[in-house]
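Encoded as structure tokens, the structure appears first; notes follow it.
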Amino acid sequence: MATTLPRNADVAEQFELLADLLELEGEDAFRVLAYRRASARIRETGGPIAQLALEGQAKQLQGIGKTIEEKIVQIVEKGEVEALTRRKERIPPGVVSFMRLPGLGPKTARRIWLELGVTTLEELREAAEKQRLRTLAGLGPKSEENVLHALAAQAKAPAEGPARTLLGVALPAVLGAVEALREHPAAVEVSEAGSVRRRRETVRDLDVIATATDGSALIEHFVSLPWVMEVAAKGGTKATVVSNQGLRFDLRVVPPECYGNLLQHFTGSKQHNMALREDAVRRGLSVSEYGVTVVESGEVLTHRNEKAMYELLGYDLIPPELRENAGELEAARDGALPKLVELRDLKGDLHSHSTWSADGKSTLEEMALAARDRGYQYLAVTDHSHYLREGRMEQQDGEIEALNERLAPFRLLKGVEVNIRANGSLDVADEVLVEREWVVASLHSAFHREPTERILAAMENSHVDCIGHPTARKIGKRPPADVDTDRIVAKALETGTAFEINSQPDRLDLPDTLARVAGEAGVPIAVTSDAHRVSALAYVELGIGQARRAWLTKKQVLNTRSWAQVRKRVGA
DNA sequence: GCCGTTTTCGGCCCGACTGTTTTCAGTCG
């Protein structure tokens, strides 16, 4: 097999570190910014950046030019950007960790290193304790105190940054808060903002923006909600609370005339807003959270909603899920934004479990009724193959048939979720698979053992309809398996196999960037719940969020079709 | 280092907050 290429995440990390080191060396801030932008771009790119660089195509991407493309090739050839290797030798590793302390930036870190000769966190603590930091111009007792505080906080918390919360936890919490605020008579407009509104797979802060006839009354209502455990801050226009789940909420009450500007600003992303503002500057407009200033006249224009603001700037309204500076601004300018798939477009679910699986919590009947209540026409029952041996599959089929008679036209599909073994074979015989209406094949073990080859082999089996959670990642626990996206996409097209966006909160797999690549290539994408109980059928709301982040339209999502149409689209 | 519907050179988002300062640099989101 060909040598494996570095992953986009690894390439991005090298440029991020290079940016840090350049910053510590006092390099031009815009050069540093260029590396950070390139890093963000690479992270947001679904296809393998290393492959693109080798083909000389990486510089087609916004923010990547000839120099950075060459540096990506260096990573392929030497494992590391040469400029990074050189600087790692010059700059003590401890100094980089100074920068990671809140309140300490590159300028200060550099001076502590060069002017005081301090190169480790331990020496930094000592220097602060012995009041040596205040010998530097611009630093005083308070700075020393802050450094000691930051060091103590870091020692207490794990090495990782502040934990990110799964969207599956944050979204219902935020939507609940929004709903509770809307019920108050003083509320006019209420919306979630920030990365939750963009439906990122994990989020940090939970933002809510509102307008009100009486702002203080709304804030009072907010801090008195039953689930509020702690009020961290409360003023006339803003409050911060901590929920009984430990989530931090920020509510901002803003003037109605610039609700659009503020909602847009606080929805982000940062990269989207920066690109939007740069573009505006070129046309003599200065954009901030308070409005759009016409630079020449000084006139400030405000907007009651986002649509008016985007239109003034020459764009169609951009759905929050697309605001990542991944091509949405150009598309919105050209009137070429996709009409994104919506939750209500789903006509069925193609991955679910019941009490026939040991880990299933709801009976077939309960699952069927709940699916029908959601407005679905069908639900594929895909219990794990190993629980359906020795005649149990036939028994389950009998139960499915009986239910289907009772619940028609709603229909349970006789499916199965088979394991792709370490050698690429499936754990169910072909003569059994041929009888199943829907076959999901998934990796459940040995994730590091040639995952690409195994998925390719599974797709070669004509009975396999869909690859389940293709990267097998568990967010925050297990990294994605090293799957070659290009090759599995090509094989999916060749064999007429679908990929899944599995909506389990800790899976969301395919991830958004890969789903975009697969969808653009023409692979049908099934947004599935993988529900093991009735309540989990609702997880598809998360999956639809990822599908929208992947730019997918109704047409590209397989289970927006009737079962008959699904059958026609996938397999025989 | 990147980029271009006025530019291949000369720009590069914007405002709040903090701590150190008599007017601002650094950091953060």
Side-chain angles (χ1 to χ4, degrees), chain A residues 15-16 18-42 58-72 81 83-84 98-112 133-147 149-150 161-162 193-195 198 203-207 233 235 237-238 240 248 250 252 254 258 261-262 264-293 295-296 300 313-314 325 329-330 333-334:
Chain A
F15 285 118
E16 196 62 50
L18 179 57
D20 285 345
L21 297 182
L22 287 169
E23 216 169 17
L24 279 170
E25 290 195 326
E27 257 294 348
D28 173 51
F30 291 112
R31 241 184 104 204
V32 173
L33 183 64
Y35 282 114
R36 293 206 195 285
R37 279 184 183 182
S39 176
R41 168 70 57 205
I42 291 164
K59 49 185 179 303
Q60 306 293 328
L61 295 170
Q62 214 26 251
I64 294 177
K66 190 160 171 285
T67 307
I68 288 182
E69 179 170 276
E70 285 168 6
K71 285 180 158 58
I72 298 170
V81 178
L84 179 59
F98 296 178
M99 276 175 70
R100 311 242 198 269
L101 296 173
L104 267 196
K107 299 274 170 58
T108 315
R110 172 180 168 80
R111 293 182 55 212
I112 291 171
L133 295 187
R134 67 183 69 179
T135 62
L136 298 177
L139 296 189
K142 188 75 187 164
S143 317
E144 287 169 346
E145 201 182 301
N146 289 345
V147 164
H149 187 76
S195 42
R198 302 198 315 277
V203 304
R204 197 161 305 168
D205 311 309
L206 310 184
D207 292 310
T237 60
K238 196 183 142 171
T240 303
R248 259 182 113 77
D250 266 334
R252 284 166 227 263
V254 306
C258 55
N261 305 88
L262 279 148
Q264 194 282 330
H265 172 75
F266 283 111
T267 297
S269 67
K270 187 168 184 261
Q271 297 292 338
H272 173 84
N273 285 351
M274 282 178 68
L276 176 87
R277 289 167 178 203
E278 266 177 46
D279 199 30
V281 165
R282 285 184 214 114
R283 285 171 291 132
L285 300 169
S286 172
V287 177
S288 85
E289 55 265 56
Y290 303 110
V292 180
T293 306
V295 175
E296 205 171 83
V300 179
L313 294 171
N325 192 28
L329 288 166
E330 296 81 347
R333 188 170 282 295
D334 299 342

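Worth knowing before you read on, the calculation uses all heavy atoms, side chains too, and leaves out hydrogens, waters and symmetry mates.
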| task | State, to 0.1 Å, how close A:A109 and A:L24 come at their nearest heavy-atom pair, and which atoms those are. | result | CB-CD2, 3.8 Å
| Nucleotide opposite B:dG1 in a Watson-Crick or G-U pair, distances under 3.5 Å | B:dC12
| said: Suppose you measure atom C1' in B:dT20 against the same atom in B:dA25; what distance do you get, rounded to whole Å? | reply: 9 Å
| field | Interatomic distance, A:L104 atom CG to A:I112 atom CD1 [nearest 0.5 angstrom] | value | 5.0 Å
| query | If you measure from the Lys or Arg side-chain nitrogens to the Asp or Glu carboxylate oxygens, is any gap between A:K142 and A:E145 under 4.0 Å? | reply | yes
| said: Whole angstroms only, please: what is the CZ-P distance between A:R283 and B:dG4? | reply: 13 Å
| Whole-Å distance between B:dA25 P and A:L104 CG? | 19 Å
| What nucleic acid atoms does A:L61 come within less than 4.0 Å of, heavy atoms only: base, sugar-phosphate, or nothing? | sugar-phosphate
| query | Which part of the nucleic acid, if any, lies within contact of A:L101, taking any heavy atom under 4.0 Å across all strands shown: a base, the sugar-phosphate backbone alone, or nothing? | reply | sugar-phosphate
| remark: Among B:dG1, B:dT27, B:dG19, the one nearest any side-chain atom of A:R31 is B:dG1
| request: Just call it for A:L33: base, sugar-phosphate, or nothing, with non-hydrogen atoms closer than 4.0 Å on any strand. | output: nothing
| request: For B:dG10 versus B:dG15, give the span between their C1' atoms, rounded off to a whole number of Å. | output: 25 Å
| Charged N to carboxylate O under 4.0 angstrom, A:E278 versus A:R37? | yes
| message | With heavy-atom distances below 4.5 Å as the criterion, would you say the side chains of A:V254 and A:T237 are in contact? | response | no
| query | So, A:E23 and A:R36, do they make that salt bridge, N to O below 4.0 Å? | reply | yes
| request: Using whole Å, report how far CD of A:E27 lies from P of B:dC2. | output: 13 Å
| Whole-Å distance separating the CE atom of A:M274 from the C1' atom of B:dG1 | 14 Å
| query | Side chain of A:T67: nearest nucleotide among B:dC13, B:dG1, B:dT20? | reply | B:dG1
| query | Which of the following nucleotides, B:dC12, B:dG4, B:dT27, is nearest to the side chain of A:Q62? | reply | B:dG4
| Rounded distance in Å between the P positions of B:dC14 and B:dT22 | 28 Å
| task | Check the side chains of A:R277 and A:H272 for a donor-acceptor pair under 3.5 angstrom, ignoring hydrogens and angles. | result | no
| query | Rounding to the closest angstrom, what is the interatomic distance between B:dT8 and B:dG4 at atom P? | reply | 13 Å
| request: Compare the minimum distances between each of B:dG1, B:dC13, B:dG26 and the side chain of A:I68, then state the nucleotide with the smallest one. | output: B:dG1
| Nearest heavy atoms of A:E16 and A:S39, plus distance in Å | OE1-OG, 3.3 Å
| said: Without decimals, in angstroms, what is the distance between A:L329 CG and B:dC3 P? | reply: 15 Å
| note | Between A:A137 and A:E278, whichever has its closest DNA chain B nucleotide further toward 5' is A:E278
| message | Taking the minimum atom-to-atom distance to the side chain of A:K142, which one of B:dC13, B:dT20, B:dC2 wins? | response | B:dT20
| request: Based on the glycosidic angle (syn within 90° of 0, else anti), state the conformation of B:dT7. | output: syn
| query | Of A:G103 and A:I64, whose nearest nucleotide on DNA chain B comes first from the 5' end? | reply | A:I64
| A:R248/A:D207 ion pair, N-O < 4.0 Å | no
| Taking atom P of B:dT20 as reference, at what distance in whole Å does atom CG of A:L136 sit? | 12 Å
| field | P gap between B:dT18 and B:dG11, integer Å | value | 33 Å
| Rounding to the closest angstrom, what is the interatomic distance between B:dT21 and B:dG26 at atom P? | 13 Å
| Can you tell me how far P of B:dC12 sits from CZ of A:R37, to the nearest Å? | 11 Å
| query | For residues A:N325 and A:Q62, is any side-chain donor paired with an opposing acceptor at under 3.5 Å? | reply | no
| Is any side-chain N or O of A:R110 closer than 4.0 Å to OP1 or OP2 of B:dG26? | no
| said: Rounding to an integer number of angstrom, what distance separates B:dC13 and B:dC3 when you compare their P atoms? | reply: 14 Å
Could you write out each protein N or O paired with an N or O of nucleotides 14-17 of chain B at a distance under 3.5 Å?
| residue | atom | partner | partner atom | Å |
| --- | --- | --- | --- | --- |
| B:dC14 | OP1 | A:S286 | OG | 2.8 |
| B:dC14 | O4' | A:R277 | NH1 | 3.1 |

| CZ of A:R282 versus P of B:dC2: gap in Å, rounded? | 15 Å
| message | Of the options B:dG26, B:dT20, B:dG1, whose atoms approach the side-chain atoms of A:Y35 most closely? | response | B:dG1
| message | Regarding A:L139, tell me which of base, sugar-phosphate or nothing describes its non-hydrogen contacts under 4.0 Å with the strands shown. | response | sugar-phosphate
| request: Scan A:N273 against the nucleic acid and name what it touches under 4.0 Å (heavy atoms): base, sugar-phosphate only, or nothing. | output: nothing
| Presence of A:K270 side-chain N/O under 4.0 Å of B:dG29 phosphate oxygens OP1/OP2 | no
